[in-house]
Amino acid sequence: MIVTQEARTQAQELLDFIDASPSPWHVAATVAQRLESQGFEALREEEGWQLESGGRYFVVRGGSSVIAFVMGTQTPDWTGFRVIGAHTDSPGLRLKPRAPFAAEPMACLGVEVYGGPILATFTDRDLSLAGRIVVRRKKGVQTRLVRFSHPLVRLPNLAIHMNRNVNEDGLKLNKQTELPLLLGNLLEAFSPAEQFRSLLAHLAGVEEDAIINGEFHVYDTQQGVFWGVHEEFIANSQLDNLSSCHASLSALLSTNEPEATCICALFDHEEIGSESAQGAGGTFLSDVLQRIASGLDRDTLGQAMARSFFISADMAHAYHPNFPSAYEPAHKIRVNGGPVIKTNACQRYATNAESEAYFIALCECAGVPWQQYAHRTDLGCGSTIGPIVASRLGMRCVDVGNPMWAMHSARESAGTVDHSLMIRVMQRFFS
Ligand code: CO
């Protein structure tokens with residue numbers, strides 16, 4: 001396996017991108033920062049838009065979803081839109097609104113489960129909190145991103161001496177009683193709520209009573225690494241799906257004066273079903289497309305949509321040699337074997353023969369290998385934003401993604417080379 005310097009650099013950029021983005025709100029901020037530094041203009045949905053041919057823009061909704069686009073030099077009724085979608089959220093734990101509580105002799109934080117994480121992987125890790133708080137200002141309120149950078153909280157395992165069958169039965173955790181995070185020793189002078197509020201105020205540099213509320217994602221402070229004989233693999237949290245966010249963003253940033261309008265749509269809330277104002281099931285993408293095409297009448301907008309193409313990019317399951325019976329034998333996916341096209345007869349993925357052929361053609365033009373995934377027939381198949389966007393917008397769509405191991409673990413793995421291959425295909429799509 002040869003890992004080129006370019007592939008290595010792009011994978012390192014991905015690891016840095018993830019380490020800078022410990023919550024979906026931070027993802028949106030990191031993306032916005034990268035876009036602005038490369039000359040993209042921030043638009044606000046509350047204001048009027050004056051869009052120019054070849055112009056570069058982005059808009060954030062709900063603080064956690066971003067749509068960025070480069071205006072085409074031709075009109076969309078002629079070229080259609082080229083859209084890549086991915087998601088900014090990852091499954092894990094979130095703090096409850098009144099999280100701090102006393103469990104003699106400890107101060108703890110109550111959590112909710114967000115999406116479908118492998119809960120056992122959150123034990124014994126150097127966890128911390130990242131999210132946003134709303135604070136009172138002289139005039140109105142302000143939302144601020146916050147992040148504790150050191151390991152603030154922990155979920156220690158029960159020792160094997162009290163859980164003798166853990167290796168035979170697996171680690172099972174009751175979501176209400178066995179997931180609260182340990183925060184500190186209980187103090188006589190301060191309640192856990194007072195301790196936590198003072199920590200937050202100190203972190204944010206505001207008075208304690210200025211903090212109205214907040215929302216927090218539990219994240220792993222361990223940074224991303226390369227591993228394997230040739231460092232041909234990477235490991236980090238949130239590879240699902242910040243890999244696809246980073247790949248599509250990298251492709252868009254390198255796009256210059258395309259004929260068709262090229263769009264990156266990065267949505268929150270995929271892991272919980274996408275039904276929200278800023279999720280893929282909401283109106284965000286269709287609202288933005290309509291504003292981009294505001295000069296078109298209903299008839300020409302219909303033509304534009306019919307000529308458009310949507311690449312739904314989310315991660316795919318790589319073959320794990322220790323668990324051969326978990327996979328469909330004809331669809332073994334190899335890490336560093338290239339982008340994976342995902343198909344499901346029941347439309348859990350939006351791919352069909354024609355959209356797949358289109359993606360294969362893109363891979364061939366880009367000189368990139370590709371693979372095909374289908375789930376075992378006797379196992380329930382996952383889904384993603386592809387079918388949701390395809391059904392809302394009536395757009396042609398293919399579901400693709402890079403191979404990975406341990407999807408929804410606190411620490412996931414993927415291929416160093418695959419990331420640069422995916423960027424190359426996406427650049428081809430946008431060119
Ligand atoms: Co995903």
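We count ligands from 1, going down the list as the structure has it; atoms in each ligand are counted the same way. Hydrogens, waters and symmetry mates are skipped; everything else that's a heavy atom, side chains included, is used.
Between the side chains of Asp314 and His87, at least one donor-acceptor pair of N or O atoms lies under 3.5 Å. For the 3.5 Å distance criterion, the side chains of His217 and His26 fail to qualify, holding no donor opposite an acceptor. A donor atom on one side chain and an acceptor atom on the other are not found under 3.5 Å apart for Thr79 and Gln74.
Protein N/O/S atoms closer than 2.8 Å to the Co ion (ligand 1), listed by chain and residue number, are His87 NE2, Asp240 OD1, Asp314 OD1, Asp314 OD2.
Val83 places none of its side-chain heavy atoms less than 4.5 Å from the side chain of Phe429. Proximity of Phe216 to Ile133: side-chain heavy atoms (C-beta onward) are separated by under 4.5 Å at one or more points.
Residue Arg8 is tested with Glu13, Glu231, Glu232 for a salt bridge (charged side-chain N to carboxylate O under 4.0 Å, His left out); the sole match is Glu231.
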